[in-house]
Structures are given as structure tokens and as C-alpha cells.
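Below you'll find the structure, written out as C-alpha cells, and then a few comments.
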Amino acid sequence: MDFVIRRATAEEYDTLGEITAQAYLRDGLLDFGESDSYLDELRDVAKRAAAAEVLVAVADDAVLGGATFVPSGGPMADIARPGEAEIRMLAVAREARGRGAGEALVRACADRARAVPGCTGVVLSTQAAMRTAHRLYERLGFVRTPDRDWNPLPELDDIMLLTYELTL
């Protein structure tokens, strides 16, 4: 399938927000399901676009998925250190999976990071259950960085995000 990777337009924000929210919900990645407060963050593409670069994979005018690219030092960064870019909220619609959109989005983020002066790496956080994503990251040269694993909700002991890094 042919698709393009480009910056999301405001008209696509709601669609991408719902794709992202549904990907997390249907894959069982939200501890509190439909009542999880993180759903609001996943759906709020306009907020992400105001602070970072939101990319979409598009085919035949349909959004297949997207990712948020946070350049070095961006306010949307969770784990990036100085000189690192970060990928956040990568999601592909269930019906579009397996077509290479996720890989193309990750590659586009890495390419953007290479264009950022002084950027030496790309980092991301992922959940242990996201095994397909882990294989994708490793195939693209990302390596696990267990020393950077973190808990976004310290009040809950059972949530741990795994981290990966790509050295540029």
C-alpha cells in the first residue's frame, strides 16, 4: 500500500486522536480502560501539535496512524536528555496494521532527529505488552535502555515503561 508521511493538519487531529485512543484501548494498554484519564491526552492532538511535530501516515486521504516527534529539549519530552529527540504516542489504526505505516513513522522521526543540530539520539518509552513494537524498534536499530525505564504513575507500583534509544 502506498502512503505518505507528513505533518498532520488541523482537520486530521480528531481522526488521529481517535485512532490513538482506540489503539491503546483495544490493545489493553490503559489500566483503567474507558475511564483512564490518559485517554484525554491521547485524543488531544491539537495540544501535542502546539508543542511538538505530529506526523501522520496517509493513504488515499485517509489517516492510517501517527506519531509525535519531540525535538531535542521539547516540552512534550518524557525521558529525553539534552541532545536527544523523543518519539511519543505512536499508533496505527487496527485495520491499517502490517502495511509498514508504523515503521515509516518511526523512520521519519529518526530522519527529523538527524536534521536537528546537536541531536545525538532518539528515545522512546513503550509498554512491556507492546511486543510487536519492540521488534520494530530493534529492527530499526533501537536498543533497550533498562537503566532509563520509568513509572509514569509512581502511586501505582505495577506500571513500568520500558525505554529504547537509537544513537544517531
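- Listed for the Glu165 side chain is no donor-acceptor partner under 3.5 Å among the backbone atoms of Gly121.
- Listed by first then second residue, pairs satisfying ring pair (Phe, Tyr, Trp, His ring centres under 6.0 Å) with a partner in residues 101-141 read His134-Tyr164, Tyr137-Phe142, Tyr137-Tyr164, not counting sequence neighbours.
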* To do: Evaluate salt bridge (Lys or Arg N to Asp or Glu O under 4.0 Å) for Arg144 paired with Glu138, printing each intermediate quantity in order.
  => CA-CA 8 Å; Arg144 276 279 291 122; Glu138 290 165 5; over 6 Å; no
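- Taking a 6.0 Å sphere around CG of Asp78, one finds it holds more than 12 heavy atoms contributed by other residues, nucleotides or ligands.
- When side chains are defined from C-beta on, Arg48 does not count as touching Arg88, because their heavy atoms never get closer than 4.5 Å.
- Contact record, Ala57 with Ile5: CB-CD1, 3.5 Å, taken as the closest heavy-atom pair.
- Here the side chain of Asp27 pairs no donor or acceptor atom with the backbone of Leu29 at under 3.5 angstrom.
- Nearest heavy atom pair, residue Val56 against residue Leu16, reads CG1-CD2, 3.8 Å.
- The closest donor-acceptor contact from the side chain of Glu103 to the backbone of Gly100 lies at 3.5 Å or more, if one exists at all.
- Of the N and O atoms on the side chains of Ser125 and Trp150, at least one donor lies less than 3.5 Å from an acceptor on the other residue.
- The local environment of CG in Asp147 is crowded, with over 12 non-hydrogen atoms from other residues, nucleotides or ligands closer than 6.0 Å.
- The line from CG of Leu124 to CD of Glu86 is 7.5 Å long, rounded to the nearest 0.5 Å.
- Put simply, CZ on Arg148 and CG on Leu162 are 13.5 Å apart, with the number rounded to the nearest 0.5 Å.
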* For Val106 and Ile87, run side chain to side chain contact (heavy atoms under 4.5 Å, CB included): C-alpha distance rounded to whole Å, both residues' side-chain angles, the deciding distance at 0.1 Å, then the answer. => CA-CA 8 Å; Val106 174; Ile87 300 172; 4.2 Å; yes
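- Between Glu12 and Thr15, the side chains place no donor N or O within less than 3.5 Å of an acceptor N or O (distance only, hydrogens not considered).
- Around atom CZ of Arg139, more than 12 heavy atoms belonging to other residues, nucleotides or ligands sit under 6.0 Å away.
- Scanning all heavy atoms of the two residues, the minimum distance from Phe69 to Cys109 falls at CE1-O, 3.3 Å.
- Contact detail for Val70 and Met76: the closest heavy-atom pair is CG2-CB, 3.6 Å.
- The minimum heavy-atom distance between Val116 and Pro71, with the atom names listed, is CG2-CB, 4.4 Å.
- In this structure, Ala23 and Arg97 approach most closely via the heavy-atom pair CB-NH2, 3.5 Å.
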